[in-house]
*Asks:* 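So that we are looking at the same thing, I have put the structure below in structure tokens.
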Amino acid sequence: MGRVLLISANTEKRPPVFPLGLSYIHASLVASGYEAGMLDMTQLDYTREAVTSYLDAYAPDYIGVSIRNLDNCCMQYPRSFVEQVCILVDWVRQWSHAAIVILGGAGFSLLPRQWLQETGADYGIVGDGCDSMVELLSHLEKGEEPSTVSGLMFCTKNGEWKYLTPEAPEQLDHPYFPSRSGFLHSYDVERKVRHNVLTKRGCALSCTYCAYPSLEGRAVRLRSPQGIADEIEQMVLQHDIGSFDFVDSVFNYPLEHAEDICRELIGRAVPVSWGCFLNPRFFTADFAGLLKQAGCTEVEFGIDSGSDICLRSFKKNFRQTEIRAVVQLCQEQDLSFSFCLLIGGPEETSETLRETLDLMEELKVQRIFGLFGIRILPSTDMYRYVGSPEPDDLLHPKFFMSPQLNLEQASSICRPYRERNPDWMFI
């Protein structure tokens, strides 16, 4: 079997986030008998010399590159990640023209053909990828064309693009857990890498701007609470990882599944602290209590707005009433919480923005993270709302801002609120 090197191309370091998708691929390869190693570029200097030294030492036959995001999703200070990924692939090509380069990751899956064209990589895998990566390598090792691999995209020698829609396996409980070791470099403990755990895939909600349903499917596929707790126990006992985030798009949907996970952790008395992303619609007093007992120390609600007008335009399944309720429940449980806002949606005006910010002050919300503008992503309602631009145009940052509120006006409105509330951030 050929040797595989997996590289996480993400370089964002505030804080560095553990490359969970890559670690799943690594675990699946190792379970199938492949020799595989990993590089996390948040832990390395992003230089040709650094990458080449690991390539020389490891001498891989196949190189997988995981792309987490298209850009930093910041309208005020946009920064595309396309160029740095292209440079990384160029370094690999300069090291060896024979090594096969395979792209994957959530950022890649949004615009797979465009990424392959930009980078010149050999193959790309859309979707989960664990089984597909193993199947792809099996075909390549035999010298076969991998035209039956789920989620695979590539360009034939005749210039024809081939793509097989990815399957969404219902069974997410694997005989392996994502690899927390296997890296060819040591982790810098001073950077406080934020570890993460996934409890499900898929999203049945319909937020206008969100690509999760297209990336993972609208059917929610659940891991077993027992398997999740087993993974967390392994993190604690084998890797001394006691702090992490559940990184589902929405941890508390279905609510019963989230409650069962909390009960499993409580029953095992696992010494952990963790955070998660929640939807206000599925939040009760009992659940808030379970969160605290299970080790949850902070929750983030992606409310986007405090104005019912804007919440309707975002197709949110809750309103201001639910926002008020979750603040009260969190305060009763002394559960630390924060809100995430998206400023400038389709119905946003100066009045709706002030309504949102006034509500946040009335409720004494301590921490807010606000983003100006809506990043336009393919296969979303927002994409169609703005006239379905060419996918090639979306590989680089492209944002929507309400025609009734420009960026300068929005920033000016937020400024005094930010000055009065030091833990409110707007970017």
Side-chain angles (χ1 to χ4, degrees), residues 6 8 10 17-29 31 64 66-70 103-112 124-136 149-153 164-180 195-207 209-232 235 244-262 264 274-279 282 300 302 317 377-380:
L6 303 173
S8 173
N10 175 45
V17 177
F18 182 79
L20 185 62
L22 194 79
S23 69
Y24 264 106
I25 300 295
H26 181 267
S28 70
L29 290 170
S66 177
I67 303 169
R68 186 169 182 259
N69 295 309
L70 300 174
L103 303 184
F108 170 78
S109 295
L110 287 169
L111 294 163
I125 295 176
V126 175
D128 294 4
C130 288
D131 296 333
S132 297
M133 185 68 164
V134 173
E135 187 180 351
L136 170 61
V149 176
S150 171
L152 183 69
M153 176 174 280
L164 190 64
T165 302
E167 298 173 358
E170 292 185 14
Q171 177 55 259
L172 296 184
D173 288 315
H174 299 293
Y176 53 82
F177 296 130
S179 301
R180 304 284 170 175
H195 280 266
N196 36 45
V197 175
L198 191 71
T199 78
K200 67 177 73 70
R201 290 188 184 275
C203 184
L205 304 179
S206 303
C207 304
Y209 54 82
C210 184
Y212 265 106
S214 65
L215 287 172
E216 299 185 356
R218 293 194 175 276
V220 180
R221 298 167 284 142
L222 307 175
R223 291 181 63 193
S224 70
Q226 296 78 18
I228 294 164
D230 286 344
E231 178 185 345
I232 293 168
M235 289 165 57
F244 63 89
D245 291 310
F246 284 117
V247 289
D248 311 346
S249 58
V250 181
F251 176 66
N252 60 333
Y253 181 80
L255 178 58
E256 296 79 6
H257 184 245
E259 291 174 331
D260 287 344
I261 293 168
C262 290
E264 191 71 28
W274 50 273
C276 58
F277 304 96
L278 300 177
N279 180 301
F282 315 108
E300 179 177 319
N317 63 348
L377 297 173
S379 303
T380 64

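Keep in mind it's a predicted model, so treat the numbers as computed, not measured. Computation of the quantities below employed the complete heavy-atom set of this structure, encompassing side-chain atoms and omitting hydrogens, waters and symmetry-equivalent molecules.
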*Asks:* Do the side chains of V17 and R68 get nearer than 4.5 Å, heavy atoms only?
*Replies:* yes
*Asks:* Could you walk me through whether F18 and N196 pass side chain to side chain contact (heavy atoms under 4.5 Å, CB included), step by step?
*Replies:* CA-CA 7 Å; F18 182 79; N196 36 45; 3.7 Å; yes
*Asks:* Could you grab the distance from atom NE2 of H26 to atom CG of L6, nearest 0.5 Å is fine?
*Replies:* 6.5 Å
*Asks:* Can N317 and F282 be said to form a side chain to side chain contact (heavy atoms under 4.5 Å, CB included), step by step?
*Replies:* CA-CA 10 Å; N317 63 348; F282 315 108; 3.4 Å; yes
*Asks:* Would you say Q226 has more than 12 foreign heavy atoms packed within less than 6.0 Å of its CD?
*Replies:* yes
*Asks:* Return yes if some donor-acceptor pair links the side-chain N/O of D260 with the main-chain N/O of P225 below 3.5 Å, else return no.
*Replies:* no
*Asks:* Is there a side-chain contact between I232 and F246 (heavy atoms, below 4.5 Å)?
*Replies:* yes
*Asks:* Do L110 and L215 make a side-chain contact, defined as non-hydrogen atoms from C-beta onward lying under 4.5 Å apart?
*Replies:* yes
*Asks:* Do V126 and F108 come close enough that some side-chain heavy atom pair is under 4.5 Å?
*Replies:* yes
*Asks:* Out of R223, R201, R221, K200, which residue meets the salt bridge (Lys or Arg N to Asp or Glu O under 4.0 Å) rule with D248?
*Replies:* K200
*Asks:* Can you sort out the partners of D230 under side-chain hydrogen bond (donor to acceptor under 3.5 Å, both in side chains), two or more places apart, ordered by chain and number?
*Replies:* R268
*Asks:* Keeping S28 on the side-chain end and C130 on the backbone end, is there a donor-acceptor pair under 3.5 Å?
*Replies:* yes
*Asks:* So do the side chains of L20 and R180 get within less than 4.5 Å of each other, counting heavy atoms only?
*Replies:* yes
*Asks:* Take L136 and V134 through the test side chain to side chain contact (heavy atoms under 4.5 Å, CB included) and record every step on the way to the result.
*Replies:* CA-CA 5 Å; L136 170 61; V134 173; over 6 Å; no
*Asks:* Yes or no on side chain to side chain contact (heavy atoms under 4.5 Å, CB included) for V220 and H257, after CA distance, side-chain angles and deciding distance?
*Replies:* CA-CA 11 Å; V220 180; H257 184 245; over 6 Å; no
*Asks:* Side chains of F244 and W274: closer than 4.5 Å at any heavy-atom pair?
*Replies:* yes
*Asks:* Counting distance only, does the side-chain N/O of S66 pair as donor-acceptor with the main-chain N or O of G105 below 3.5 Å?
*Replies:* no
*Asks:* Under a 4.5 Å cut-off applied to non-hydrogen side-chain atoms, are S206 and R218 in contact?
*Replies:* yes
*Asks:* Quick one: does E264's side chain get under 4.5 Å of I228's, heavy atoms only?
*Replies:* no
*Asks:* Is the count of non-hydrogen atoms from other residues, nucleotides or ligands lying under 6.0 Å from Q171 atom CD greater than 12?
*Replies:* yes
